[in-house]
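Below is one structure, written out as structure tokens, with a few remarks after it.
Labels below follow one simple rule: chain letters A, B, ... track the order of the sequence lines, proteins then strands, and each chain is numbered from 1.
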2 protein chains.
Amino acid sequence: MSRILLIEDDHSVRISLTKALGRYGHDVAAAPTGEEGLRLYPEHAAELVVLDLMLPGMDGFEVCRRIRAAGTVPIVMLTARGDDIDVVSGLEAGADDYVVKPVEPRVIDARIRAVLRRGAPERAGQSTAAYRDLVIDRAAMTVTRAGKRVAMTPTELRLLLELSGSPGQVLSRQQLLESVWEHSYLGDSRLVDNGVQRLRAKIETDPAAPVFIQTVRGFGYRFGPV
Amino acid sequence: MSRILLIEDDHSVRISLTKALGRYGHDVAAAPTGEEGLRLYPEHAAELVVLDLMLPGMDGFEVCRRIRAAGTVPIVMLTARGDDIDVVSGLEAGADDYVVKPVEPRVIDARIRAVLRRGAPERAGQSTAAYRDLVIDRAAMTVTRAGKRVAMTPTELRLLLELSGSPGQVLSRQQLLESVWEHSYLGDSRLVDNGVQRLRAKIETDPAAPVFIQTVRGFGYRFGPV
DNA sequence: GGGCTCTGCGACATGGTTGCGACATTCCGA
DNA sequence: TCGGAATGTCGCAACCATGTCGCAGAGCCC
């Protein structure tokens, strides 16, 4: 339900992303070049910009800086996989988040919502997730269980936010590694399992019979109902 | 704008709400009892359920729990005025929001949109496949048969996802071996047959007369309608 | 600088899962 | 009707995914 400006030169990606974001309830305007994007930006009154880095003519960094100069609208960057330099430069240029190609519509929608949420903390209700007696306040970064505050470490909190950000949905270890630990490779490490275990120890009454974070054998972990 | 299942026993309320929600652009199926609602749910492929608490026979809580067991579809409860206990119990049973009777069409439409917006990316609907009374939620990785959750092992689930991903189409043993088992050779092993058997044992009422997974002698297996 | 917590990592335990072989059954053509 | 081929069925043992624990280095706050 947000007005989004998509700047992406690849025709098929542009079309499919426009459709996908439309399905998620956003109002999308799409532009194939940076110049066109900058022209559309005030016209569409975009609340958020999704911006590809590799553009013909004016590149993503330049577009990013110009949009930044015009206001504080959140910018989500699309980058090629594993291009670390791009990520850093993008953040320096003023991007709020980045998504690695190839983009999963679900993922980018989640990031968009996360960025918008982050930048729009006016309504506490929106930024609060609750399941049973567990309350997660994304604005205050606090977790409450049965009315009692639960102290969380940064990694635990990131993991919980990520999982609770997609309630009922299974997230693979790979996905969690990328989003929470920002690793792109998947060793045979028990990192994710370990994190989940530590998180469970804090929020589950009986870690042996988890209510909030469920294991889906062979696939990953899932937060919440089902 | 959304596929909605309305479960409400009061005739006049049911009719007027159906019409009102229809005017707001929703595609509404209505059921007078919980049993009927659960039957309609997979058939209508509902993206959201509006559920009255006071129902003859199976009450709203039970319906709520059963729908919850089937997937992550949002549920909006209708409750009698000021009945706080109901609200709490409803939320515990898995409802996402509640509306107090008498319902204003505008109000319930707003709530519906809010709930859908809140959970849009991760909720079912898009990622849910249904055939007869079998519901497969690809996001939550859950399978429900006749409203009852069916526990699946990873291989069984992968096989079911693969088959149901091409409903009505025959997949050869070779294809299934490659996609599900990630083998590239085809011995004379009974691996696929074995997997199908285990899968049938879980989802078919009578494994001797399979409804969901049919054998196509000499070619392979097929999910769903002919 | 000292003490603290956090976190990554490896090792081990364990129980469900699965691959496999053997045999039964069904199907289809001759 | 008969025989061969294709498929269904069963049980078991190895294996694999996950849970669990402890440790040590790194980071952080005072």
Side-chain angles (χ1 to χ4, degrees), chain A residues 141 143 150-163 170-223, chain B residues 141 143 150-163 170-223:
Chain A
M141 292 290 195
V143 177
V150 182
M152 305 285 274
T153 70
T155 305
E156 289 162 1
L157 189 52
R158 275 200 304 275
L159 178 58
L160 179 59
L161 290 176
E162 189 67 25
L163 284 166
V170 173
L171 298 178
S172 70
R173 284 153 219 280
Q174 176 69 49
Q175 284 176 301
L176 291 170
L177 259 188
E178 287 178 7
S179 54
V180 177
W181 281 267
E182 300 185 352
H183 286 193
S184 54
Y185 56 90
L186 174 63
D188 57 348
S189 84
R190 296 264 81 69
L191 244 189
V192 178
D193 304 62
N194 231 290
V196 168
Q197 189 211 353
R198 283 170 170 148
L199 186 49
R200 278 177 177 159
K202 290 204 174 171
I203 64 175
E204 299 282 1
T205 308
D206 177 10
V211 171
F212 299 108
I213 301 175
Q214 291 146 6
T215 304
V216 181
R217 190 167 258 264
F219 293 95
Y221 295 96
R222 175 178 53 208
F223 176 86
Chain B
M141 296 290 191
V143 177
V150 182
M152 305 283 275
T153 70
T155 305
E156 288 162 1
L157 191 49
R158 276 200 303 274
L159 178 57
L160 179 59
L161 290 176
E162 189 67 26
L163 285 166
V170 176
L171 298 178
S172 71
R173 283 153 221 279
Q174 176 68 45
Q175 285 176 300
L176 291 170
L177 258 188
E178 287 177 8
S179 54
V180 177
W181 280 268
E182 300 185 351
H183 286 192
S184 52
Y185 56 91
L186 175 63
D188 58 347
S189 84
R190 296 263 75 73
L191 244 188
V192 178
D193 304 63
N194 228 291
V196 169
Q197 189 214 351
R198 282 170 171 148
L199 186 49
R200 279 177 176 160
K202 291 204 173 171
I203 64 175
E204 299 282 1
T205 308
D206 178 10
V211 170
F212 298 108
I213 301 174
Q214 290 145 9
T215 304
V216 181
R217 198 179 175 83
F219 293 96
Y221 296 96
R222 174 178 54 207
F223 176 86

For atom [atom1] of [X] and atom [atom2] of [N], their distance in whole Å:
X        : N      : atom1 : atom2 : result
A:Glu204 : D:dG19 : CD    : C1'   : 14 Å
B:Asn194 : C:dA22 : CG    : C1'   : 12 Å
A:Phe219 : C:dG16 : CZ    : C1'   : 15 Å
B:Met152 : C:dT17 : CE    : P     : 11 Å
B:Gln197 : C:dT26 : CD    : P     : 14 Å
A:Asp193 : C:dC12 : CG    : P     : 18 Å
B:Leu157 : C:dT18 : CG    : P     : 10 Å
B:Leu199 : C:dT18 : CG    : C1'   : 14 Å

Is the phosphate of [N], meaning OP1 or OP2, less than 4.0 Å from a side-chain N or O of [X]?
X        : N      : value
B:Trp181 : C:dT18 : no
A:Arg190 : D:dC21 : no
A:Tyr221 : D:dA17 : no
A:Thr215 : D:dA17 : no
B:Arg173 : D:dT7  : yes
B:Thr155 : C:dT17 : no

Identify the two heavy atoms, one from B:Phe223 and one from B:Leu163, that lie closest to each other, and give their separation to 0.1 Å.
-> CB-O, 3.4 Å
For the side chain of B:Arg198 and the base of D:dG8, is some donor closer than 3.5 Å to an acceptor across the two?
-> no
Check every strand shown and say whether A:Gly195 touches a base, only sugar-phosphate, or nothing at a heavy-atom separation below 4.0 Å.
-> nothing
Considering the options A:Leu159, A:Val170, A:Leu171, A:Val192, which one meets the side-chain contact (heavy atoms from CB on, under 4.5 Å) requirement together with A:Tyr221?
-> A:Val192
Would you mind telling me which of A:Gln175, A:Arg158, A:Glu156 makes a side-chain contact (heavy atoms from CB on, under 4.5 Å) with A:Val180?
-> A:Arg158
B:Glu204 side chain to B:Phe212 backbone, donor-acceptor under 3.5 Å = yes
Main-chain N/O of B:Leu176 paired to B:Glu162 side chain as donor or acceptor, under 3.5 Å | no
B:Leu191 or A:Thr153, whichever maps to the more 5' nucleotide of DNA chain C = A:Thr153
